[in-house]
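Just so it is clear, the structure is predicted and the values come from calculations on it, not from any experiment.
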Amino acid sequence: TGRPKGVAVEHRQLVNFVFHMNGDYGGTVDSRDRLLSRTNIMFDASIYEFFLAFLFGAQLVICPEDDRFDVYGLVRVLLREEITMAFIPPGLLKPVNQELRAQLGQDLHLVPLNKMFVGVEPITDDVIQSYLQLRPDMRIANCYGPTETTVCACTDSYISSMDNAVPAGDIIPIGGPVANSRAVLLD
């Protein structure tokens, strides 16, 4: 809805979600990571940003207010601060990718970002593939679900070696339920 709901989340749900997300990244979140916090704390994605960093020893880098929705500024922060992990909302995915390419030119190997959390709205395979082309070892977690399930209920992980198919602009799957939970579809 874009409006805070005041949802109560139990500690065990939060711990389960954060450990699941680290699993989506192959259990690789650690002190070498620099996670960008660009989400307002009133929104559930901030849970991902804060607690994934805190529980696994990553450095949390607070994005300057003026750069949160300014594509040029956001990319400048990603590069200057050597951000390795970030939540990038769907509306910014294509412009951020294009701006990374513009700012780095032929030096795309300098993209520090190797873990991304995406979701909230449907995302297409060509957008995901454009990030995997920037950095072949990048891991991308597509997340879906209501705030009441602690940020997301289902996730799917993407890595470059998973799929050699040519992107067709198809919406990517939302994946399966977060660890220690189940998803039920009702008609």
Side-chain angles (χ1 to χ4, degrees), residues 7 9-39 43-61 63 78 82-93 96-97 100 111-165 167 170-185:
V7 173
V9 175
E10 294 181 13
H11 292 129
R12 65 182 173 196
Q13 290 171 273
L14 173 63
V15 171
N16 187 63
F17 168 71
V18 171
F19 274 84
H20 176 87
M21 290 304 297
N22 187 38
D24 272 358
Y25 298 128
T28 61
V29 179
D30 61 25
S31 61
R32 294 170 294 186
D33 283 305
R34 296 178 55 80
L35 201 155
L36 182 65
S37 175
R38 60 160 299 284
T39 306
F43 294 98
D44 58 357
S46 68
I47 296 294
Y48 160 85
E49 294 170 343
F50 284 17
F51 289 98
L52 198 63
F54 294 156
L55 283 174
F56 294 100
Q59 299 171 57
L60 187 67
V61 178
C63 187
L78 288 171
E82 298 180 356
I83 300 300
T84 61
M85 301 176 64
F87 165 63
I88 300 179
L92 292 177
L93 282 171
V96 165
N97 187 292
L100 278 166
V111 171
L113 193 62
N114 62 24
K115 299 173 190 79
M116 281 179 43
F117 166 46
V118 300
V120 182
E121 296 172 10
I123 298 167
T124 57
D125 58 357
D126 56 324
V127 173
I128 294 297
Q129 190 61 36
S130 69
Y131 276 92
L132 296 174
Q133 289 168 350
L134 282 176
R135 181 148 180 172
D137 66 339
M138 186 180 296
R139 291 179 172 267
I140 301 173
N142 182 37
C143 301
Y144 173 80
T147 300
E148 292 79 1
T149 62
T150 315
V151 185
C152 60
C154 296
T155 67
D156 210 356
S157 297
Y158 295 87
I159 55 177
S160 63
S161 61
M162 284 181 61
D163 187 7
N164 292 327
D170 295 332
I171 294 173
I172 61 173
I174 61 172
V178 170
N180 301 313
S181 65
R182 61 189 175 140
V184 179
L185 301 177

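- In this structure, the separation between CG on L132 and CE on M116 is 9.0 Å, given to the nearest 0.5 Å.
- By the neighbour-count criterion of 12 heavy atoms within 6.0 Å, atom CD of E82 is sparsely surrounded, having that number or fewer from other residues, nucleotides or ligands.
- No side-chain heavy atom of R32 sits under 4.5 Å from any side-chain heavy atom of N114.
- In this structure, CD1 in I83 is found 12.0 Å from NZ in K115, a value given to the nearest 0.5 Å.
- In terms of heavy atoms, M21 sits closest to A141 at CE-CB, 3.7 Å.
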Run the numbers on L92 and R38 for side-chain contact (heavy atoms from CB on, under 4.5 Å), then give the verdict. CA-CA 12 Å; L92 292 177; R38 60 160 299 284; 4.0 Å; yes
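- Residues R135 and Y131 fail the side-chain proximity criterion, which asks for heavy atoms closer than 4.5 Å.
- Looking only at distances, a side-chain donor or acceptor of N22 sits under 3.5 Å from a matching main-chain atom of V29.
- The salt bridge (Lys or Arg N to Asp or Glu O under 4.0 Å) analysis of residues 116-128, with sequence neighbours excluded, yields no pairs.
- Counted within 6.0 Å of OH on Y144, heavy atoms from surrounding residues, nucleotides or ligands total 12 or fewer; the atom is thus considered open.
- Separation of the F19 and F51 ring centroids does not fall under the 6.0 Å cut-off.
- Residues C154 and A183 come closest through the heavy atom pair SG-CB, 4.0 Å.
- Of the inter-residue distances, the one linking F17 atom CZ with L55 atom CG reads 11.5 Å to the nearest 0.5 angstrom.
- Side-chain contact check for F87 versus V120: some heavy-atom pair is nearer than 4.5 Å.
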Starting from the C-alpha separation in whole Å, work towards a yes-or-no answer on side-chain contact (heavy atoms from CB on, under 4.5 Å) for R12 and N180. CA-CA 11 Å; R12 65 182 173 196; N180 301 313; over 6 Å; no
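- Between atom CD1 of residue I128 and atom CG of residue D156 there is a gap of 10.0 Å, rounded to the nearest 0.5 Å.
- The shortest side-chain heavy-atom distance between Y48 and M85 falls under the 4.5 Å cut-off.
- In this structure the side chain of L113 reaches within 4.5 angstrom of the side chain of I88, judged on heavy atoms.
- Considering only heavy atoms from C-beta on, R34 stays 4.5 Å or farther from L36 through its side chain.
- Within the 4.5 Å cutoff, no side-chain heavy atoms of D24 are placed close to those of F117.
- Interatomic distance, T124 OG1 to D170 CG, rounded to the nearest 0.5 Å: 8.5 Å.
- In this structure, the side chains of L52 and Y25 come closer than 4.5 Å at one or more pairs of heavy atoms.
- Considering all non-hydrogen atoms of both residues, G119 and N142 come closest at CA-OD1, 3.6 Å.
- Nearest approach of L60 to S37, heavy atoms of both residues: CD1-CB, 3.8 Å.
- Heavy atoms only, all atoms of each residue included: T155 and C143 are closest at CG2-SG, 3.6 Å.
- One finds the CZ atom of R139 at 6.0 Å from the OG1 atom of T28 (value rounded to the nearest 0.5 Å).
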